[in-house]
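Below, chains carry the letters A, B, ... as their sequence lines are ordered, and counting in each starts from 1. Predicted model only: the values in this text are computed from it and were never measured. All values below were derived from every heavy atom in this structure, side-chain atoms included, with hydrogens, water molecules and symmetry-related copies excluded.
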Protein chains: 2
Amino acid sequence: MPRPAADEQIHTAENLYREYLRDRGLKYTDERRMVLQAVMKNDEHFEAEQLLLSMRQAGMRVGKATVYRTLKLLVACGIVKEVHFSNKQVHYEHTYGQDPHDHLVCRRCGRIIEFDASEVLRLRTAIAAGQRFHALSHRFQIIGLCETCSRSCPISVRVNQLLAQKPAKPRKKP
Amino acid sequence: MPRPAADEQIHTAENLYREYLRDRGLKYTDERRMVLQAVMKNDEHFEAEQLLLSMRQAGMRVGKATVYRTLKLLVACGIVKEVHFSNKQVHYEHTYGQDPHDHLVCRRCGRIIEFDASEVLRLRTAIAAGQRFHALSHRFQIIGLCETCSRSCPISVRVNQLLAQKPAKPRKKP
DNA sequence: GTCAATGCAAACATTTTGCAACTCT
DNA sequence: AGAGTTGCAAAATGTTTGCATTGAC
């Protein structure tokens, strides 16, 4: 499960990206190149804001809007994929050159475990065929408890975890 | 693919809900009852704001915050499930008493097609077992083009659809 | 020279929160 | 009576947009 990509891969991805842009009269700017690099060099999973931060810390100067705009491009050309782990921000992962995989998400500790997606792909093909649907991609995640949490986590605790409503504060009286 | 639930089902769901609340010292209020009813009677898929609106149109008086808070409860006790169709709001669906299913999402026209999830469940069990993971639920969607769109939609158009960035203007040649 | 891209700040949309008043149990 | 709940409006998020300026081709 390699996190950051090798330089080699970055290069191939860059070519794909460049071609994608050229083909539709878009420009290959410094910013777009930098975002691609940052995406490929960072952890596999990330969020937009996080990416922006890590880029700035690395001394690159980019605007937030550019990051958001560029991520869309990268998604469109298939180098990056959107993942919805939480209900808040979108998460991204660079999938270029990675083996297809999906995720197990631990509801308690948030751990993300990847697993090989071959079977899922097979199933997806079968289902799509049955519905005359032209499948292009999929999202699959299994939600539950990882080994550690399922051992240490009595049901009552689990249930309260689920209850997102805030702990119901102490009350003062008039 | 029944959209609204039968009164019978609403009743059973209500009991489950009630018990869930009682078990942890929460109260079964009018608002909570109304939200449940609205959820079950409306279309299978909906968004929070939409639900609020339909409730108000039906003459019920509830605050937005209550709707959001109650939806969380309903998710927690398994009557409602969150679905991420778009990157904007969360969508919900009431799953109580419905056959387990997942979705095909047409990228072009947004159509949602449901399919039986038995195979997915089987696969999920196998995968979870292999990773010593305790699966509780899953999210699965296949993204692509529905039959109609895949016929009428030349590649170039598809690609521009993907490109969420606004400009994506026509290209003229030098 | 053109047309597209950038950065910024303002706009947006959705969801969450603090708090006083209120209600179930 | 008292813990939990509500509604409201304000706050918090995360993401998008308008526009003047800058930059790629």
Visitor: How close do Thr12(B) and Glu8(B) get, counting heavy atoms only, and between which atoms?
Guide: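 For Thr12(B) versus Glu8(B), the nearest heavy atoms are OG1-O, 2.9 Å.
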Visitor: Using a 4.0 Å cut-off on protein heavy atoms (strictly under), produce a 5'-to-3' string for nucleotides 19-25 of chain D with B for base contact, S for backbone-only sugar-phosphate contact, and - for none.
Guide: ----BBS
Visitor: May I have the distance from Phe85(A) (atom CZ) to dG14(D) (atom C1'), rounded to whole angstrom?
Guide: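 So the two atoms are 18 Å apart, to the nearest Å.
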Visitor: Could you give the CG-to-P distance, from Leu51(A) to dG14(D), as a whole number of Å?
Guide: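 Rounded to the whole Å, the gap is 15 Å.
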Visitor: Would you kindly give the CZ-to-C1' distance between Arg61(B) and dC22(C), to the nearest whole Å?
Guide: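 Going from CZ in Arg61(B) over to C1' in dC22(C) covers 14 Å.
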Visitor: Counting only side-chain nitrogens and oxygens, does Arg32(B) get under 4.0 Å of the OP1 or OP2 atom of dT6(D)?
Guide: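 Affirmative; the distance criterion is met.
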Visitor: When the nearest nucleotide of DNA chain C is assigned to Leu21(A) and to Ala65(A) on a heavy-atom basis, which residue is associated with the more 5' position?
Guide: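 That would be Leu21(A).
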Visitor: Between Leu52(A) (CG) and dG14(D) (C1'), how many Å, whole number?
Guide: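 About 13 Å, once rounded to whole Å.
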Visitor: Distance check needed: dT6(D) P versus Met55(B) CE, whole Å only.
Guide: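 Taking atom P of dT6(D) as the reference, CE of Met55(B) is at 11 Å.
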Visitor: Is there a donor-acceptor contact under 3.5 Å from the side chain of Arg24(A) to the main chain of Tyr20(A)?
Guide: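 Confirmed, Arg24(A) side chain pairs with Tyr20(A) backbone.
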Visitor: Closest approach of Ile143(B) and Phe133(A), non-hydrogen atoms and distance?
Guide: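 Nearest heavy atoms, Ile143(B) then Phe133(A): C-CE2, 3.9 Å.
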Visitor: Each nucleotide N or O in nucleotides 12-15 of chain C that has a protein N or O under 3.5 Å away: list the pair and distance.
Guide:
| residue | atom | partner | partner atom | Å |
| --- | --- | --- | --- | --- |
| dT15(C) | OP1 | Val90(B) | N | 2.9 |
| dT15(C) | OP2 | Tyr68(B) | OH | 2.6 |

Visitor: Without decimals, in angstroms, what is the distance between Leu53(A) CG and dG14(D) P?
Guide: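 Atom-to-atom, Leu53(A) to dG14(D), this comes out as 13 Å.
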Visitor: Taking Glu31(A) first and then Arg61(A), would you say they form a salt bridge - that is, a charged N and a carboxylate O separated by under 4.0 Å?
Guide: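 Looking at Glu31(A) and Arg61(A), the cut-off is not met.
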Visitor: For Arg108(A) and Leu145(A), indicate whether the former's side chain and the latter's backbone hold a donor-acceptor pair under 3.5 Å.
Guide: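 It does not hold such a pair.
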Visitor: How about His91(A) and His103(A): are their ring centroids closer than 6.0 Å?
Guide: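 Here the rings of His103(A) and His91(A) have centres that are no less than 6.0 Å from each other.
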Visitor: Which label fits His84(B) and His84(A): parallel for a plane angle under 30°, tilted from 30 to 60°, or perpendicular past 60°?
Guide: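 Geometry flag for His84(A) against His84(B): tilted rings.
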Visitor: Answer yes or no: is there a donor N or O on one side and an acceptor on the other, between the side chain of Lys81(B) and the main chain of His138(B), under 3.5 Å?
Guide: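 Yes.
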Visitor: Hydrogens and angles aside, do Arg111(B) and Thr148(B) bring a side-chain donor and acceptor to less than 3.5 Å of each other?
Guide: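 There is no such pair between these side chains.
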